[in-house]
Amino acid sequence: MNRSQAVVHRWSQTLIPTTREAPSDAQMPSHIFMTRAGYIRPVGAGIYNYLPLAWRSLQKISQIIREELDAAGASEMLMPALMPIELYEGTKRDQDYGDLLFQLTDRHGRKTALGPTHEEVITDLMCGCLTSYKQFPLNLYQIQSKFRDEFRPRAGLLRCREFIMKDAYSFHLELEGEAGLNETYDKMYQAYTNIFTRCGLDFSAVEAEAGPIGGSASHEFMVNCVNGEDTILVCPESGYAANVEKAEIGDRAFSWDHEATAEVTKHHTPGMPGIELVAEHLGTNAAGMLKTIVMRSVEESPRWVLAVVRGDHEVNEGKVRDALGVAVEMADEKEANAAGFAIGYVSPKMLDSIDLTMVIDPDALGSGNWATGADEKDHHITGFNWARDLPSAKYKAIIADIRNAQAGDPSPRAAGANLEAKRGIEVGHIFKLGTKYSAAMGLSVLDKNQKNQDVIMGCYGIGVSRTLASCIESSHDDNGIIMPISIAPYHVHIITIKPNEEGVLDHAFTLAEELRELGIDVLVDDRNERPGPKFKDADLVGIPLRIIVSPNSIEEGQVEFKKRTDEGKAFLVDRFKIVDICVDEVKGSPQ
RNA sequence: CAGGGAGUAGCUCAGCUUGGUAGAGCGUCUGGUUUGGGACCAGAAGGUCGCAGGUUCAAAUCCUGUCUCCCUGACCA
């Protein structure tokens, strides 16, 4: 509630093009309702006009972000959206980003990009600005349109090619201490928590795939929503929550000594894409098979790595990296074949044929009778038993949690508890970057000891337009949007009944003006429409407080009042009480 | 990018199989009657049928090419 800027707008004199029917291509509720309620209109694939209602909400979200980040010690600035491609040379992100980067050529043939984020720009800027250890910590942010050539934009504002993002970057010389990265990171974590709480969102802060520094170096802020694109795993006992990519799994029982129950038998299994088909052919299921993934360590003298998981599980590269202490990547299929691996038909038995490191997930040691590859094209075996058929594994292999967690897995933080899966929409992500960009781009300063040191960085993003969409995604009913007061385009929606009749409009605008002077934003539906469409439109646009002004109630010295969340009809309120009621509602909600 | 679908009035769609002067509902505009949950009557405006070729006496309709949009997958705020 900002007194100096509160407004009274007339429906008839702003642009709120509501429609009765949804565009046929919209699937997600936020997309359908934002279009129907006149918040947005498409321009191209993943490109939208933000009409007045959406823009007012986005401004309110931005204002909340500004207040919280300023309070956390950050300063707002603005960098250009257009940037020369040379900036990316140091970090090779023009390749990492690949097709995601919008690239264009100017009239002089210079290659230029539209900014997908601004690590390079700000690091380059800092190279010329940061000269002394006395300048730290420094935390800068901007709110701006970002451009990403998404493979497939979709779901309205949830995944766009041009979208509004707040990105912040912090600079430090150490991790610990007052000026350290950890201190700023924690402040930003708290600021994000405040921001999303004030926006009225039901969200979870979850651990995400850690950056190069390790530890809990990255958190995602996820709006809890069944339609979300991301899966997070939570422990109901301890409160532990993590992205599916990152989630640890609690201790699992395993044994080398399961008794063999069948002989090893070879089967011809040609032309069966997918483990399900093979399992069916072998008379078992995916959970009865071993999946053996060929990887390589990423170092100067690469080494083969075999990761073994149960057939219905997925290998997690990050976990393999953590188990081995070196980064790994999927092996190139041609190279692996040349080295003797029958890609697609690899079994753990390769441990005895090729010099390699083997990592086994505990669940792959949960039985004495497995189906797996035969190390020969188009063939699998059944009856594999670790103790009988590959005794060397017990001494040579590493056992570690190397697979993606899933619902029902034991919690890593509470004995006996099981992880539950929830869906979410990622609206914020905070990162400890370390020296990735500063080292690549030569950003260093002299520390107290006159030693040149690479600057340590953190980066912090919020999808502003996505935050609006995810709010609507999780807060709507069959009739339309239900906006929280803090980010609603207007606080109060005054509906006039029979606006042609003497005094109705005057009454409505007098009331609106009283509210405005107390810092409340008001939309007055002054259209000469019948009541039906006005009520329908009001439900659709979802402004939280509704006042109905009609000839009848004016005569009685009353108005009608209803919250968007209330069921049924509005109730009568004395005219002289309505302003206080609205002020209490606005003040009593998160701002 | 791969697989699937769609481009016809501002919006939602029919018409295409079987070629013959462009249709409906909603919305918009005018006049009238109406005014508590998407009214009614009368009238009107609005489309080179995505684009370019081709076949034909004749193409929204058949053929070829091309562009755009949507849905499902890998990425991310």
Side-chain angles (χ1 to χ4, degrees), chain A residues 17-28 31-32 35-36 38 41-47 61 65 96-101 115-118 143-168 192 195-196 203 208-209 218-223 228-230 243 245 314 330 424-431 459-470 478-480 495-501 504 527-540 546 548-553 560 562 567-570 572:
Chain A
T18 57
T19 64
R20 193 188 296 225
E21 282 169 296
S24 56
D25 49 34
Q27 309 283 323
M28 304 276 282
H31 187 192
I32 293 170
T35 307
R36 282 194 56 205
R41 281 292 161 94
V43 177
I47 310 171
I61 295 170
I65 291 172
D96 290 357
Y97 256 92
D99 294 336
L100 214 55
L101 192 66
T117 64
H118 281 66
I143 298 173
Q144 178 200 46
S145 288
K146 293 287 192 281
F147 301 85
R148 293 186 190 174
D149 196 357
E150 292 282 348
F151 288 105
R152 192 159 86 81
R154 60 186 163 136
L157 256 37
L158 285 175
R159 174 176 246 80
C160 288
R161 295 196 296 169
E162 176 176 342
F163 60 98
I164 300 175
M165 176 168 159
K166 186 284 302 176
D167 46 327
Y192 272 45
I195 288 165
F196 295 124
F203 67 98
E209 173 58 33
S218 174
H219 285 87
E220 291 170 339
F221 289 78
M222 309 285 248
V223 173
E229 291 185 295
D230 297 279
N243 188 301
E245 301 287 315
E314 294 295 326
M330 293 295 291
I425 301 167
E426 182 187 354
V427 290
H429 199 162
I430 59 179
F431 257 105
C459 74
Y460 317 88
I462 291 179
V464 179
S465 42
R466 182 184 279 182
T467 298
L468 173 60
S470 63
D478 291 346
N479 296 318
I495 295 177
T496 57
I497 306 287
K498 300 184 187 172
N500 282 341
E501 291 200 13
V504 172
R527 293 175 298 172
N528 188 19
E529 286 284 346
R530 294 161 55 85
K534 289 181 161 183
F535 289 133
K536 290 288 186 191
D537 278 345
D539 287 343
L540 207 46
R546 181 182 307 173
I548 302 163
V549 173
S550 66
N552 293 345
S553 56
E560 288 160 88
K562 180 185 174 180
E567 297 285 335
K569 299 272 180 194
L572 285 165

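None of these values were measured; they are calculated from a predicted model. We name chains A, B, ... by the order of the sequence lines, and we start the count at 1 in each one.
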Between [X] ([atom1]) and [N] ([atom2]), how many Å, whole number?
X        : N     : atom1 : atom2 : value
A:Lys536 : B:G36 : NZ    : P     : 15 Å
A:Asn479 : B:G38 : CG    : C1'   : 11 Å
A:Lys534 : B:A39 : NZ    : P     : 13 Å
A:Ile497 : B:U35 : CD1   : P     : 12 Å
A:Asp537 : B:G38 : CG    : P     : 13 Å
A:Arg154 : B:G3  : CZ    : C1'   : 15 Å
A:Arg152 : B:C1  : CZ    : C1'   : 12 Å
A:Glu560 : B:G37 : CD    : P     : 12 Å

Picking from B:C76, B:G25, B:G36, the nucleotide nearest the side-chain atoms of A:Pro531 would be B:G36
Closest listed nucleotide, where the reference is the side chain of A:Lys569 and the choices are B:G37, B:U12, B:C69: B:G37
Provide the distance between the two [atom1] atoms, one in [N] and one in [M], to the nearest whole Å.
N     : M     : atom1 : result
B:U61 : B:A9  : P     : 15 Å
B:U17 : B:G7  : P     : 15 Å
B:G38 : B:G10 : P     : 28 Å
B:G25 : B:A14 : C1'   : 11 Å
B:C49 : B:G23 : C1'   : 12 Å
B:C76 : B:G4  : C1'   : 25 Å
B:U28 : B:U12 : C1'   : 16 Å
B:U33 : B:U48 : P     : 37 Å

Strand partner of [N], provided both Watson-Crick or wobble distances fall under 3.5 Å:
N     : answer
B:C29 : B:G43
B:C69 : B:G5
B:G53 : B:C63
B:G23 : B:C13
B:A74 : none

Using a heavy-atom cut-off of under 4.0 Å over every strand shown, decide if [X] touches base, sugar-phosphate, or nothing.
X        : result
A:Arg41  : nothing
A:Lys166 : nothing
A:Ile425 : nothing
A:Ser465 : nothing

Would you check, one step at a time, whether the test salt bridge (charged side-chain N to carboxylate O under 4.0 Å, His left out) holds for A:Lys536 with A:Glu529? CA-CA 12 Å; A:Lys536 290 288 186 191; A:Glu529 286 284 346; over 6 Å; no
Find the distance between [atom1] ([X]) and [atom2] ([Y]) and round it off to the nearest 0.5 Å.
X        : Y        : atom1 : atom2 : result
A:Arg36  : A:Asn479 : CZ    : CG    : 9.0 Å
A:His429 : A:Phe221 : NE2   : CZ    : 9.5 Å
A:Arg148 : A:Arg161 : CZ    : CZ    : 14.0 Å
A:Phe535 : A:Ile497 : CZ    : CD1   : 4.0 Å
A:Lys562 : A:Asp539 : NZ    : CG    : 5.5 Å
A:Glu220 : A:Phe431 : CD    : CZ    : 7.5 Å

Mapping A:Val427 and A:Arg527 to their closest nucleotides on RNA chain B, which lands nearer the 5' end? A:Arg527
Mapping A:Asp230 and A:His31 to their closest nucleotides on RNA chain B, which lands nearer the 5' end? A:His31
Has the side chain of [X] got a donor or acceptor atom sitting under 3.5 Å from an opposite partner on the base of [N]?
X        : N     : result
A:Arg466 : B:C76 : yes
A:Asp539 : B:G37 : yes
A:Glu529 : B:G38 : no

Tell me whether the side-chain N/O atoms of A:Arg20 come closer than 4.0 Å to OP1 or OP2 in B:G27. yes
Should A:Phe535 be counted as stacked on B:G38, where stacking needs a ring-centre gap under 5.5 Å and an angle between planes under 30 degrees? no
Can you tell me which residue among A:Asn552, A:Ile495, A:Val549, A:Leu572 is in a side chain to side chain contact (heavy atoms under 4.5 Å, CB included) with A:Glu560? A:Leu572
